[in-house]
2 protein chains.
Amino acid sequence: MTTQRLSVDDWIGAALDIMATDGIGGVKIQRLCDELGVTKGSFYWHFKDLDAFLDAIAERWRDGEGRFRSRLDDAVRSDPKRGLSNTVSAFLDRRLGRLERAMRDWSRTDDRARAAIKSADKRTFDALVSGFEGLGFDRGESDVRAKILFYAGVGFGDVGPIGDRSEPARQLETLVDLLTR
Amino acid sequence: MTTQRLSVDDWIGAALDIMATDGIGGVKIQRLCDELGVTKGSFYWHFKDLDAFLDAIAERWRDGEGRFRSRLDDAVRSDPKRGLSNTVSAFLDRRLGRLERAMRDWSRTDDRARAAIKSADKRTFDALVSGFEGLGFDRGESDVRAKILFYAGVGFGDVGPIGDRSEPARQLETLVDLLTR
DNA sequence: CACGTACCATACCCGACGGTATGGTCCCCG
DNA sequence: CGGGGACCATACCGTCGGGTATGGTACGTG
């Protein structure tokens, strides 16, 4: 097809795709081989074992998430209110949301995933705090509001939209408005 | 020890205990047998197979959760503001929270768990809405505030406390205050 | 052109786990 | 007191998935 030979990133990318749909439980060596049109001999050439592979997955998610959050940091610094909206609207992105969800589920039973999630959460939360501070709120008020916004974002990613006529984007604006007044 | 012979509820109870610590992934027949001091012959006498057992687990959680939420409903009806606090403080209960978290994780890959979670969520959310309505907010305002409170509660159960000097209970009061003004 | 290395196929082993068949023990009831 | 059902032990099977050993092919390099 595209590339005849595979690279390490190809394997990790395939794993992340699976995680976004079926969670970490769907990541099996044999399944990866099938989807990549290859056998296990290939896998064990690129990676020592499954554990090392999972290390690489968590690490790559951490890096990718790091770059993503740093972009949000810049957005918050330049325009706090718009930056806040953008940060939270990231929770609404389906594909991104599903991957993050899979990571959170995985983090319940795996320390690597927990560490990755924790560092990403810290970045996001700090960005939210400085966003509120940029709007004039003092340290304490910013802290509380950032927590609410952050928890609500995670909760939304967990539960999904509530009700029939719910329009997530609009509700989000209402939430941000309510917290920035 | 206590009871020489086991009942269906003993098995389900043991499974829920395991779920609260290790999630649904820790629920293995052999492990249950070990903890109950019994062999697989016993399990397959009480239950047709693992699938039927998981049915029973989801059903029992649903029932227990139903009774729990109905108590919250009463609390909200009698004293809206205190009822709201109590409802959200339920998210802070460690043991309860860990079980609910395990159910949510499980619901990502299982329809029974998803249905159970969904019905429980609907109950909780409706209670929150009527709580805000009881405080004088109109339908729309109550809906938005209930969503924020609900999402934030779920998110808190997902992420856990943020920061070092964070005192969850105090933050909760601040959140409720902020939403009820 | 020989040769080493990167990349992969094939074949096999092993443990964990769900599931089944069958026999045993205790207790209640007629 | 004898029989039947509730409850459990033992032994065994099949499958799935991780892991390993080894051989094969293509490609670059001296």
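Keep in mind that the numbers below use all heavy atoms, side chains included, and drop hydrogens, waters and symmetry copies. Just so we're on the same page: letters track the sequence lines, and every chain starts at 1.
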Self-check item: Protein-nucleotide distance (K28(B), atom NZ; dT15(D), atom C1'), rounded to Å
Solution: 15 Å
Exercise. Please state how far atom OH in Y44(A) lies from atom P in dG19(D), giving the value in whole angstrom units.
Key: 4 Å
Quiz prompt | Start and end of chain A contact along DNA chain C [non-hydrogen atoms, under 4.0 Å] | solution =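 For DNA chain C, the relevant span reads dA6(C) to dT10(C).
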Partners of [X] by salt bridge (Lys or Arg N to Asp or Glu O under 4.0 Å), sequence neighbours excluded?
| X | answer |
| --- | --- |
| D55(B) | R112(B) |
| D138(A) | none |
| R71(B) | none |
| K28(A) | none |

Quiz item: Going by heavy atoms closer than 4.0 Å, what residues in residues 48-56 of chain A are next to DNA chain C?
Solution: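 None, since no heavy atom is under 4.0 Å.
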Quiz item: Of the residues in residues 29-40 of chain A, which ones touch DNA chain C at a heavy-atom distance under 4.0 Å?
Solution: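 Correct list: G37(A), V38(A), T39(A).
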Who are the side-chain hydrogen bond (donor to acceptor under 3.5 Å, both in side chains) partners of [X], not counting sequence neighbours?
| X | result |
| --- | --- |
| K122(B) | D126(B) |
| E59(B) | none |
| S78(A) | none |

Self-check item: Any residue meeting side-chain contact (heavy atoms from CB on, under 4.5 Å) with D74(B), in chain and number order, not counting sequence neighbours
Solution: R77(B)
Quiz item: Residues two or more places apart in sequence or in another chain: which of them pass side-chain contact (heavy atoms from CB on, under 4.5 Å) with A146(A)?
Solution: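 Only F125(A), L128(A), V129(A), F132(A) meet the side-chain contact (heavy atoms from CB on, under 4.5 Å) criterion with A146(A).
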Self-check item: Aromatic plane relationship, W11(B) with H46(B) - under 30° parallel, 30 to 60° tilted, over 60° perpendicular
Solution: tilted
Exercise. Examine dC8(D): is either OP1 or OP2 under 4.0 Å from a nitrogen or oxygen in the side chain of H46(B)? Give yes or no.
Key: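 It does, given that an N or O in the side chain of H46(B) lies less than 4.0 Å from OP1 or OP2 of dC8(D).
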